[in-house]
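For reference, the structure discussed in these notes is given below.
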Amino acid sequence: MHLVSFDIFRTLGFPNTTVLKPDQFLRHKELLREADWVLFPEYWQLNALVHGLKCRVFPSIASYRVGHDKIEMTRAFQAVAPEHTPWTLIQANGPVEREMIWDTMAHPFVAKLPKASMGEGVWLIETREDWRRYCERTDVLYAQEYLPLDRDARVVVVGDRVLTAYWRTQADQGFYNNVARGGRIDTSPVPQVMTDLALRLARELGVDHAGFDIALVEGYPYVLEFNRLFGNQGLGRGGELQDAILAYLRQQSEPRDPDGPVEPAPLWPVAV
């Protein structure tokens with residue numbers, strides 16, 4: 001395979017890979033057209049690459065578009081797995097909508113900015129003043145039921161398989177489980193009901209490179225969100241992710257068996 005990458009750090013060590021700067025990609029149209037895969041472009045490059053130059057991109061188009069903001073992501077979750085999606089209200093930011101959400105949601109509740117990541121832009125709303133400050137920061141109101149958690153699981157999906165899964169325990173200041181906000185990694189076994197949910201969502205939505213955040217409440221899993229560009233803190237050996245991506249790209253490049261694919265064995269066990 002000949003690969004073109006727009007992210008030198010995520011594809012460091014990939015064989016037969018040309019790295020380009022995103023802002024100069026239109027200077028290399030022929031190289032891009034001839035590549036078997038174009039890896040990790042910026043979101044703003046997608047239309048030109050996919051529709052203009054007919055490139056095959058990884059992560060998938062769905063990984064980008066579903067994961068572009070929390071509003072689109074949540075609505076996709078509600079479409080395919082509403083029973084596993086926390087109750088969420090999404091409204092325009094107007095005075096009537098502010099009051100409706102405040103009066104409707106059980107307190108406390110969670111509010112989020114649509115495009116924030118790494119635990120940023122997430123509020124625990126306990127008071128009117130919390131709600132007022134949040135409303136001043138956003139054009140769209142996103143309010144979600146509060147789940148009583150001291151941890152959640154990060155389930156990493158690459159291609160159509162779970163690469164690994166691990167717990168993220170709550171930060172010292174409480175509320176946040178994200179490692180970027182002080183959460184800690186715990187490699188105790190993650191229940192299969194959680195990894196199964198992440199894999200089901202990935203397959204139904206066409207997402208092939210993501211870290212799904214799954215919560216467990218009294219044994220029942222809920223999906224919180226996914227990150228297309230997830231961190232590598234809990235991935236173990238550095239080569240596992242690279243091997244998984246390359247294996248998936250080769251698999252997708254091979255001719256299809258008319259009798260259908262044989263169900264593959266998992267690439268890696270769940271972290272223990």
Side-chain angles (χ1 to χ4, degrees), residues 63 66-67 70 73-90 105-112 116-126 142-158 160-205 207-228 230-236 266-272:
S63 300
V66 176
K70 290 181 174 62
M73 187 187 305
T74 299
R75 286 174 174 157
F77 292 157
Q78 290 171 333
V80 300
E83 72 280 13
H84 293 288
T85 307
W87 186 50
T88 307
L89 294 177
I90 300 170
M105 298 295 296
H107 298 183
F109 61 95
V110 176
K112 301 179 182 180
S117 63
M118 296 191 297
E120 299 291 340
V122 180
W123 280 265
L124 180 62
I125 306 298
E126 299 179 288
Y142 180 112
Q144 190 169 77
E145 68 173 307
Y146 171 75
L147 300 178
L149 305 170
D150 66 353
R151 63 182 56 204
D152 60 24
R154 167 60 58 86
V155 182
V156 176
V157 174
V158 176
D160 58 357
R161 309 179 193 181
V162 172
L163 176 62
T164 191
Y166 53 90
W167 293 102
R168 305 183 308 169
T169 60
Q170 200 165 85
D172 291 337
Q173 71 268 30
F175 185 53
Y176 296 102
N177 299 330
N178 195 291
V179 175
R181 298 296 301 272
R184 299 181 180 89
I185 292 171
D186 177 355
T187 57
S188 301
V190 172
Q192 186 173 342
V193 68
M194 304 177 82
T195 58
D196 284 349
L197 175 58
L199 191 57
R200 172 192 162 191
L201 291 166
R203 287 174 171 172
E204 292 198 28
L205 296 174
V207 172
D208 60 9
H209 185 272
F212 284 85
D213 297 339
I214 308 292
L216 196 66
V217 180
E218 297 182 353
Y220 193 83
Y222 292 89
V223 59
L224 303 178
E225 60 183 72
F226 74 80
N227 288 282
R228 172 176 53 85
F230 48 84
N232 62 3
Q233 295 95 330
L235 294 181
L267 271 180
W268 314 106
V270 170
V272 294

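Just so it is clear, the structure is predicted and the values come from calculations on it, not from any experiment.
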Problem - Separation of Thr74 OG1 from Leu224 CG (nearest 0.5 Å) - result: 9.5 Å

Handout entry: Euclidean distance, Asp160 CG relative to Leu199 CG, rounded to 0.5 Å
Key = 7.5 Å

Completion exercise
Smallest heavy-atom separation, Met194 atom then Trp167 atom, equals SD-CH2, 3.6 Å

Exercise for the section: With rounding to the nearest 0.5 Å, note down the distance linking NE2 in His107 to CD in Glu145. Expected result: 13.0 Å

Practice task
Examine distances only and state if a side-chain atom of His84 and a backbone atom of Pro221 form a donor-acceptor pair shorter than 3.5 Å.
Solution key: yes

Practice task
Classify the ring geometry between Phe226 and Phe212 as parallel (under 30°), tilted (30 to 60°) or perpendicular (over 60°).
Solution key: tilted

Handout entry: Over 12 non-hydrogen atoms of neighbours within 6.0 angstrom of CD in Gln192
Key = no

Handout entry: Donor-acceptor contact below 3.5 Å, side chain Trp87 vs main chain Tyr146
Key = no

Fill in the blank from the handout: Heavy atoms of Tyr222 and Pro86 approach each other most closely as CD2-N, 4.0 Å

Exercise for the section: Describe, in one word, how the ring planes of Phe230 and His209 are oriented to each other, choosing from parallel (under 30°), tilted (30 to 60°) and perpendicular (over 60°). Expected result: parallel

Exercise for the section: Report the distance from atom CD1 of Ile214 to atom CZ of Arg168, rounding to the nearest 0.5 Å. Expected result: 10.0 Å

Completion exercise
In Lys70, Gln144, Met105, Arg75, the residue satisfying side-chain contact (heavy atoms from CB on, under 4.5 Å) with Thr88 is Gln144

Handout entry: Side chains of Val223 and Thr85 in contact at under 4.5 Å (non-hydrogen atoms)
Key = yes

Handout entry: Straight-line distance of Leu216 CG to Leu197 CG, nearest 0.5 Å
Key = 10.5 Å

Practice task
Verify side chain to side chain contact (heavy atoms under 4.5 Å, CB included) between Val207 and Leu201, making sure each step is shown before the conclusion.
Solution key: CA-CA 8 Å; Val207 172; Leu201 291 166; over 6 Å; no

Practice task
List the atom of Ala215, the atom of Asp152, and the distance in Å for their closest heavy-atom pair.
Solution key: CA-CB, 4.3 Å

Exercise for the section: Identify whether the distance between the nearest side-chain nitrogen and carboxylate oxygen of Arg154 and Asp213 falls below 4.0 Å. Expected result: yes

Practice task
To the nearest 0.5 angstrom, please state how far the OG1 atom of Thr195 sits from the CG atom of Leu163.
Solution key: 12.5 Å

